[in-house]
Number of protein chains: 2
Amino acid sequence: MKQAIDVFHEYIARNGLKVTPQRMLIVEVFMSAGGHLTTEELYERVKATDPSVGQATVYRTMKLLCDSGLAKEVHFGDGVARYEQKYGSKHHDHLICEACGENIEVLDDEIERLQEDLARRHGYVLTSHRMYLFGVCGKCRSDGKRRPPRED
Amino acid sequence: MKQAIDVFHEYIARNGLKVTPQRMLIVEVFMSAGGHLTTEELYERVKATDPSVGQATVYRTMKLLCDSGLAKEVHFGDGVARYEQKYGSKHHDHLICEACGENIEVLDDEIERLQEDLARRHGYVLTSHRMYLFGVCGKCRSDGKRRPPRED
DNA sequence: TTACCTGCAAACAGTTTGCAGGCCG
DNA sequence: CGGCCTGCAAACTGTTTGCAGGTAA
């Protein structure tokens, strides 16, 4: 099966770009991290392995990853860009706990279908959508945890 | 029936704030504009009436409007905050045309219900959500219009 | 009179970009 | 070797904040 790293190499080759140690390191860190990391978090983790890498390279490489289809930039509404893995992962929506920040990827086929219907009723053909559900998870409810409400 | 402007006055009074010409002008511009304006757009329109108003005042007043429940800050993913009217308007989601930028407010009760269900299945209690549907409207499809894809 | 407000400009945070040197292919 | 890459720092964008003077109540 084709690995994500292969997709990246193909993209690099197809566009006359180059494979560099920095790019490989960043891709590796990103692919093995999993979650929804900010550029800052990625930068920190990259520096843990190679302190000489600059922030700009992380930004530039993440843009490359997005273009190549490996990553997707998401915004939760707090003004910072986050990246999630896209290659080989199905579309999903986000369920976010406002108390602890937990972020679950969810999917409901029925909702997906109704979204298409809704758009069609207005004469639209959908190309994509974003759905963020904000709430409090069971654990935080019993802990009584709070957190300043996000800007919305 | 209670007008939006009354809500603003009450909020002002309740919090020991003051009614100023700048604030009234900004509220007026915002309430009569309707759409989903950015701070920049609001600022331009305000300046058309009173060129002496500063950007900072627009930012500060919009924050006030949000706190008072008249406005709501929304993010479509392009890094700029937009404001929509909230008072007297029901919750809704957004259907956005990627070609012409048209933005329709939509609502589907069935989807709303399923969102609650979905969250509950994961042990969450929902407090709010955001749903943006991106596509191409009927008019733009027949015109064959395009526009660079938004960052997503 | 006394807070609160305002415009201005400086400060900020996140992100982008110009540049001189470095390295992949 | 030539062109892409890199780190650095400066530039940029959207937004916030400190300050000295102005004004609503």
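The sequence lines fix the lettering, A, B, ..., with proteins before strands; numbering per chain opens at 1.
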- In B/S/- notation, 5' to 3', how is nucleotides 12-17 of chain D contacted by protein heavy atoms closer than 4.0 Å? --SBBB
- Query: What is the distance from CE of A:Met24 to P of D:dC4, rounded to the nearest Å?
  - Reply: 20 Å
- Which pairs with one or both residues in residues 38-61 of chain A pass salt bridge (charged side-chain N to carboxylate O under 4.0 Å, His left out), sequence neighbours excluded? none
- Note on the structure: Sorted by chain and residue number, the ring pair (Phe, Tyr, Trp, His ring centres under 6.0 Å) partners of B:His91 (sequence neighbours excluded) come out as B:His129
- Query: For A:Gln3, does its backbone N or O pair with a side-chain atom of A:Asp6 as donor and acceptor, under 3.5 Å?
  - Reply: yes
- Item | Which residues share a ring pair (Phe, Tyr, Trp, His ring centres under 6.0 Å) with B:His92, sequence neighbours left out | B:His94
- Query: Whole-Å distance between C:dT15 C1' and A:Leu37 CG?
  - Reply: 17 Å
- note: A:Phe76, atom CZ; C:dG14, atom P; distance rounded to Å ~ 16 Å
- Could you pull out all residues at least two apart from A:His9 that satisfy ring pair (Phe, Tyr, Trp, His ring centres under 6.0 Å)? none
- Integer-rounded Å distance: D:dG22 C1' and B:Arg23 CZ: 14 Å
- Task: Considering only Ile, Leu, Val, Met, Phe, Trp and Tyr, and joining two whenever side-chain heavy atoms are under 4.5 Å apart, list the other residues clustered with B:Leu114.
- Result: A:Leu95, A:Ile104, A:Val106, A:Ile111, A:Leu114, A:Leu118, A:Tyr124, A:Leu126, A:Met131, A:Leu133, B:Leu95, B:Ile104, B:Val106, B:Ile111, B:Leu118, B:Tyr124, B:Leu126, B:Met131, B:Leu133
- Message: Who clusters with B:Val80? Use side-chain heavy atoms, under 4.5 angstrom, across I, L, V, M, F, W and Y, and order the result by chain and number.
- Response: none
- Item | Separation of D:dT6 P from A:Lys47 NZ (nearest whole Å) | 17 Å
Identify each atom pair where a protein N or O and an N or O of nucleotides 23-25 of chain C are less than 3.5 Å apart, giving names and distance.
from, atom 1, to, atom 2, distance (Å)
C:dC24, O3', A:Val19, O, 3.3
C:dC24, O2, A:Lys18, NZ, 2.9
C:dG25, OP1, A:Val19, N, 3.3

- Residue closer to the 5' end of DNA chain C, B:Gly16 versus B:Tyr43 (nearest nucleotide): B:Gly16
- Task: Kindly give the cluster partners of A:Tyr59, where membership spreads through any ILVMFWY side chain lying under 4.5 Å from a current member.
- Result: none
